[in-house]
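Please read the structure below before turning to the comments.
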Amino acid sequence: MPSLGTVGSYPQNPRVQKIRIAAAYVGDTIDEKLVDLTKPRDAEFSAKFPMGKVPVFEGKQGELLFESNAIGYYALLQKDSPLVGTTPLEKAEVLQWLFFTDNEVNTNLSGWLSPLMGYDSYFKPSVDKHIDRFKRAMGCLNNVLLNQTYLVGESVTYADISLTCSLIWAFKLIFDPALRAEFKNVTRYFTTMINKKQFKDVIGDVALCETPMQPPKKEKKETKKPEPVKKAAPKKEAAAADDEEPAKPAPKPKSKLDLLPPSPFVLDEWKRMYSNNDSDVAAKWFWEHFDSEGWSLWRVDYKYNDELTMVFMSNNLIGGFFARLEMARKYAFGSMIVCGTNNNNAISGYFVIRGQEVPFEVYDAADFGSYNFVKIEPSQYDEKKKEIEQYLAWEVEGFADGKIFK
Ligand SMILES: N[C@@H](CCC(=O)N[C@@H](CS)C(=O)NCC(=O)O)C(=O)O
């Protein structure tokens, strides 16, 4: 099959899948080129695609396009495909559903899923608003699809391709059996579409959600010290309703950590040392100055590594966690890394924390519950020293990306 051009994006982006399905319907293919979103776009990319987002398209004749809907549309227009509609009304209806998909489905789905996946902060009123709006859109679709198989006319159009691809993550992560029953026409429609050859060849099998993804867990607020974190492994699915309530604006707590006896290990000095020196020099300084009475060392592992997909998304997850650790900046330093490859990676790291327990400033972070914190006792330092230094230097085997909390 001839290739129409090259789409730049990350693998398995549903926006690219939409383009590839559209191309398949007219007997074309699209080459793919990886764009690493964790790195700034270079000058050439920015000159061609000023928005800086993916997917982007470069055709064989040098045609440049961004916005995924436009790219898939272009593939169909090349072959005068009926998938863009055959009458003026059908053409307008296809557009109608494309706009619906972007504005009512994508926007609200993203407002629901991004905080669940840690790409945005979780703010319950905002997530609830997006859930309501998404369900409103699904209600509309459910009614429309009661008496029709396709969105426009009697066969697949670009509107169906675009909408179906936008619903993939919804059906994987949140459309559990209850939601599937509530929106049964949408579910029937989605499964009909993804089983069509052109869709299946691109998307593969979609495992429908059994247990919907939950908000990042927030440990119960306690006045005394938190559960010993080695044991604390709150069940992933068991987010109690009260955990989901938005925290009332609480008076900012005065940190107990400020009341600890002074320590010769000065965090700011360490951060400067780490930032301005080679890692071997910094590590040497660390072990010479670290005060194991005033500070503690913690191994940190993400609990749900098997759910991670793209490396850059895992790294964003670390970024989200760090953003929620703002209160801990005076009391903690951490190196967290992603090891592995796309669809096979894990998040882990080490933290230096003031005091001998995980303090409020850390365990209050919304997604603290998604990480295992295990204390490294001073008696284990010799055994763990090499590994800790590798995490500081980002020289761990399989290292793909990382972030420093400082
Ligand atoms: N409406 C655009 C949305 C593109 C979009 O949001 N792309 C995301 C990845 S799926 C992106 O590039 N994000 C990186 C950024 O915001 O810089 C389309 O359909 O192409």
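Order of listing sets the numbers, starting from 1, for every ligand and every atom in it. Here the structure is a predicted model, which is why all the values come from computation and not from measurement.
In this structure, OH in Tyr274 is found 13.0 Å from CG in Leu267, a value given to the nearest 0.5 Å.
Listed by first then second residue, pairs satisfying side-chain hydrogen bond (donor to acceptor under 3.5 Å, both in side chains) with a partner in residues 133-152 read Tyr150-Lys196, not counting sequence neighbours.
If you check the side chains of Asn315 and Thr38, you find no donor sitting under 3.5 Å from an acceptor. Side-chain atoms of Ser110 and Tyr119 form no donor-acceptor pair, as typed in the model, at a separation below 3.5 Å. At a cut-off of 3.5 Å, with distance as the only test, a side-chain donor of Tyr350 or Glu387 sits close to an acceptor on the other residue. With no hydrogens or angles considered, a side-chain donor-acceptor pair links Tyr391 and Arg299 at under 3.5 Å.
Protein residues having at least one heavy atom under 4.0 Å from any atom of ligand 1 are Tyr10, Asn13, Arg15, Leu37, Arg41, Lys53, Val54, Pro55, Glu67, Ser68, listed by chain and number.
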